Amino acid sequence: MFPLTWHWGPRDGPPFRQRGTLGSPTVLEGTMARTNPTLRQRRLGAELRRMREQAGFGGSQLGRAVGMNPAQVTQMESGKIGISVERLHTIAATCMCVNQPLIDALAEIITDRGKSTWWEEYRDTLATDFLEVAELEGGARRLTTYSTSLIPGLLQTGAYASALFAQTYPPLPHHEIDLRTAFRMQRQRVVRSGAAPYTAFVHQAALHMQFGGPEVLTSQLKALDIDSEHPSISIRVVPFSAGVVPSPSENFTYAEGPIPELDTAQMDYGHGIHLFDAPAHLARFRALISQMDSTALSEKDSRELIKSAKEEMEHKHG
């Protein structure tokens, strides 16, 4: 069981560190290992490892059965070398995997390798965590977030996002704040375009946190009100009256894949992000989302509460 207490990190709030990154060139099966596999490449490897383990094979056993040496199996399962769709089918047959939707989804990951993505242009300027959040959101069929003390990154205004990054310690230079803010604004295209229907569960406390001051919050609440009318965005406020929530500091993103087995949950910590894809963890996040659905206000009542918070700010500081 993973812990329930954490702090906001690079997805929605100001990250507290930045890692250097290396490129991750697309490689064909059997060529040199990738230096830094992408999120999808690592997920493909993790699913192949699960497939092998469920069949009761060790790495050496599988390798002998499919014509790979143990080192290649290890690299494949860590996402460091690519495989062909044909090899995938051989492995699935050897492991007696009859989950055809899973096999098809994994084949899609293989055939998508090398496809250009907008976040790659930031690979030499932002930490890997930023890129992986964008990759997770960009590949999702549906997104759900829960946040307690701040507006979710996918709904933040530029001024609000900049105010959060400006609170990072040690302080960031202005050009770095601008870079991270621009990246966050680009991330929002996945939900504003309707590519991934989005549900945001936002605790009422977040409607009153004045990051950047009253003017920034007022503008943010106006934007949130407008977003609540978007056909592919659902904003549900968890009111103070709801009582117990999963944790007073719990924030997470749940990204639905092409099939439930390829869903991924992401949580932010002060030292970076953590990704969960084990079946037991995914089941727990689905239960948390179900709990939020039963305790949060309706879209209509949430919109009214957002408007009320905005009017309160305007009255006090207008």
Side-chain angles (χ1 to χ4, degrees), residues 8-13 15 17-27 33-48 76-83 105-145 152-156 161 179-198 200 251-269 271-278 281-282 285:
W8 16 293
R11 176 174 58 84
D12 293 336
R17 68 180 177 86
Q18 182 172 2
R19 294 199 305 247
T21 61
L22 297 172
S24 55
T26 299
V27 297
R34 303 180 177 105
T35 303
N36 189 23
T38 67
L39 181 63
R40 282 166 64 83
Q41 289 162 353
R42 296 202 311 272
R43 184 58 183 276
L44 170 64
E47 293 301 321
L48 290 171
M76 174 189 72
E77 293 181 350
S78 61
K80 292 183 177 179
I81 62 170
I83 64 169
L106 296 180
E108 183 179 348
I109 293 176
I110 293 171
T111 55
D112 280 349
R113 68 188 177 193
K115 186 179 292 184
S116 62
T117 54
W118 67 266
W119 52 85
E120 283 299 320
E121 66 186 82
Y122 290 87
R123 184 161 294 280
D124 294 328
T125 55
L126 286 177
T128 302
D129 285 351
F130 286 86
L131 307 183
E132 293 197 343
V133 168
E135 184 180 357
L136 179 67
E137 294 166 346
R141 303 300 170 90
R142 178 179 293 274
L143 288 162
T144 301
T145 62
L154 291 173
L155 299 175
Q156 291 173 7
L179 177 67
R180 297 184 185 199
T181 299
F183 185 81
R184 181 158 297 172
M185 296 303 100
Q186 281 194 270
R187 277 177 46 207
Q188 296 180 358
R189 293 185 299 181
V190 72
V191 295
R192 299 195 190 285
S193 67
Y198 176 45
N251 305 277
F252 65 82
T253 294
Y254 192 89
E256 296 183 27
I259 58 173
E261 291 94 327
L262 293 183
D263 291 356
T264 305
Q266 176 241 317
M267 289 170 49
D268 300 326
Y269 294 85
H271 60 275
I273 65 171
H274 199 118
L275 300 169
F276 299 90
D277 55 36
H281 289 158
L282 294 178
F285 278 101

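Please read these numbers as outputs of a predicted model, since none were measured by experiment.
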Determine the minimum heavy-atom distance between Leu282 and Asp277, stating which atoms define it.
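What the structure gives for the nearest pair is CD1-O, 3.5 Å.
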
On a heavy-atom basis, which atom in Leu155 and which in Ala200 lie closest, and how many Å separate them?
CD1-CB, 3.8 Å

Mind checking what makes side chain to side chain contact (heavy atoms under 4.5 Å, CB included) contact with [X], not counting sequence neighbours?
X	value
Gln188	Gln156, Met185, Arg192
Ser78	Lys80
Ala140	Leu143, Ala255
Glu47	Arg43, Arg50, Leu102, Leu106, Leu262

When rounded to the nearest 0.5 angstrom, what is the spacing between [atom1] in [X] and [atom2] in [Y]?
X	Y	atom1	atom2	value
Asn36	Arg123	CG	CZ	6.0 Å
Glu120	Thr38	CD	OG1	8.0 Å
Leu275	His281	CG	NE2	12.5 Å
Ile273	Phe130	CD1	CZ	10.0 Å
Gln41	Ile83	CD	CD1	11.5 Å
Asn251	Asp268	CG	CG	6.5 Å

Counting N and O atoms only, with roles assigned by atom type, does the side chain of Glu135 sit under 3.5 Å from a partner on the main chain of Arg40, one being a donor and the other an acceptor?
yes

I'd like to check the side chain to side chain donor-acceptor pair (under 3.5 Å) partners of Thr111; sequence neighbours left out, ordered by chain and number.
none

Taking the side chain as C-beta and beyond, is there a heavy-atom pair between Glu137 and Tyr198 under 4.5 Å?
no

Identify, with sequence neighbours excluded, every residue that meets ring-ring contact (aromatic ring centres under 6.0 Å, His included) alongside Phe183.
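Partners of Phe183 by the ring-ring contact (aromatic ring centres under 6.0 Å, His included) criterion, ordered by chain and then number, come out as Trp118, Tyr122.
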
